[in-house]
Every structure is written in structure tokens, then in C-alpha cells.
Amino acid sequence: MNCMSTVLLALFLCGCASAYTGPVRDRTEVVVKWDADCETMGLDGARGCATWSDTFCEIHAPKPESFLDSRALQTLGHELLHCLGAMHE
């Protein structure tokens, strides 16, 4: 398994511990912006967020400092699940 596959697997396995509706999309185009500017979307205190345009999903999340930055990687994985259609209950 190459490095990118390992990172993607880790992102899918991380995420929210609360109940959710699972992913409904098989694929999507994702743009990641290394910021957590979610307050402009009314999400005060959120570590990250995902928004949709007509053609792609945009993730705003803190940039991981390393492969060991589990909190930032968990946030990125959580938001990726939203890009695939997962929703909080």
C-alpha cells in the first residue's frame, strides 16, 4: 500500500464518534483549504467544515503538522465524510 493510500485509509477511519448517516456519494472532487475559517458560515468553534459548490466540495481544516497530528487528521477525515454525503443525525 503506497503512502497516499495509507493516508486516505486513515482519513476514512477517523471521524466523528457520534451517530451519522453514512456516505452516499461514490466519488466527488474535493478542494482542501488549510484554514478553519468556518465562522463566516455560522459555525462558531468548529475545527473544520465542508461546503458544496455546483461541481466540488471544499474542505476548510487546519493543516496537519505531521502524520502524527491525529487531531488535524481526524478533522480532515470527518470533513471528507461530509463531502461524500455523510450527515450528522
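What you see is a predicted model, and the numbers here were worked out from it, not measured in a lab.
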**OP:** Quick one: closest heavy-atom pair of T75 and A61, and the distance?
**Re:**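 Closest heavy-atom pair between T75 and A61: CG2-CB, 4.2 Å.
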Original post:
What pair of heavy atoms forms the shortest contact from W34 to L76, and how long is it?
Top reply: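 Result for this residue pair: CH2-CD2, 4.0 Å.
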Original post:
Which side chain to side chain donor-acceptor pair (under 3.5 Å) pairs, counting each pair once, include a residue from residues 52-64, with sequence neighbours left out?
Top reply: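 Only D35-H60, E58-H60 qualify under side chain to side chain donor-acceptor pair (under 3.5 Å).
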**OP:** Any pair with a residue in residues 68-87 that passes salt bridge (charged side-chain N to carboxylate O under 4.0 Å, His left out), sequence neighbours left out, goes on the list, sorted by first then second residue, please.
**Re:**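 Every pair satisfying salt bridge (charged side-chain N to carboxylate O under 4.0 Å, His left out) with a residue in residues 68-87: there are none.
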**OP:** Using the side-chain contact (heavy atoms from CB on, under 4.5 Å) rule, pick out the option among P64, S70, S66 that qualifies with L68.
**Re:**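 Result: among P64, S70, S66, S66 is the only option passing the side-chain contact (heavy atoms from CB on, under 4.5 Å) with L68.
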Original post:
Which residues, ordered by chain and number, are linked to V31 in its hydrophobic cluster, where ILVMFWY side chains connect at heavy-atom gaps below 4.5 Å, directly or through other members?
Top reply: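 Taking Ile, Leu, Val, Met, Phe, Trp and Tyr as members, V31 shares its hydrophobic cluster with F56.
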**OP:** Can you run down the disulfide bond (SG atoms under 2.5 Å apart) pairs that involve residues 40-82, sequence neighbours left out, and say none if there aren't any?
**Re:**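 Counting only pairs at least two positions apart or across chains, the disulfide bond (SG atoms under 2.5 Å apart) contacts touching residues 40-82 are C38-C49, C57-C83.
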Subject >> Atom pair CD1 (I59) and NE2 (H78), whose distance is rounded to the nearest 0.5 Å >> reply: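 Here the rounded value is 10.0 Å.
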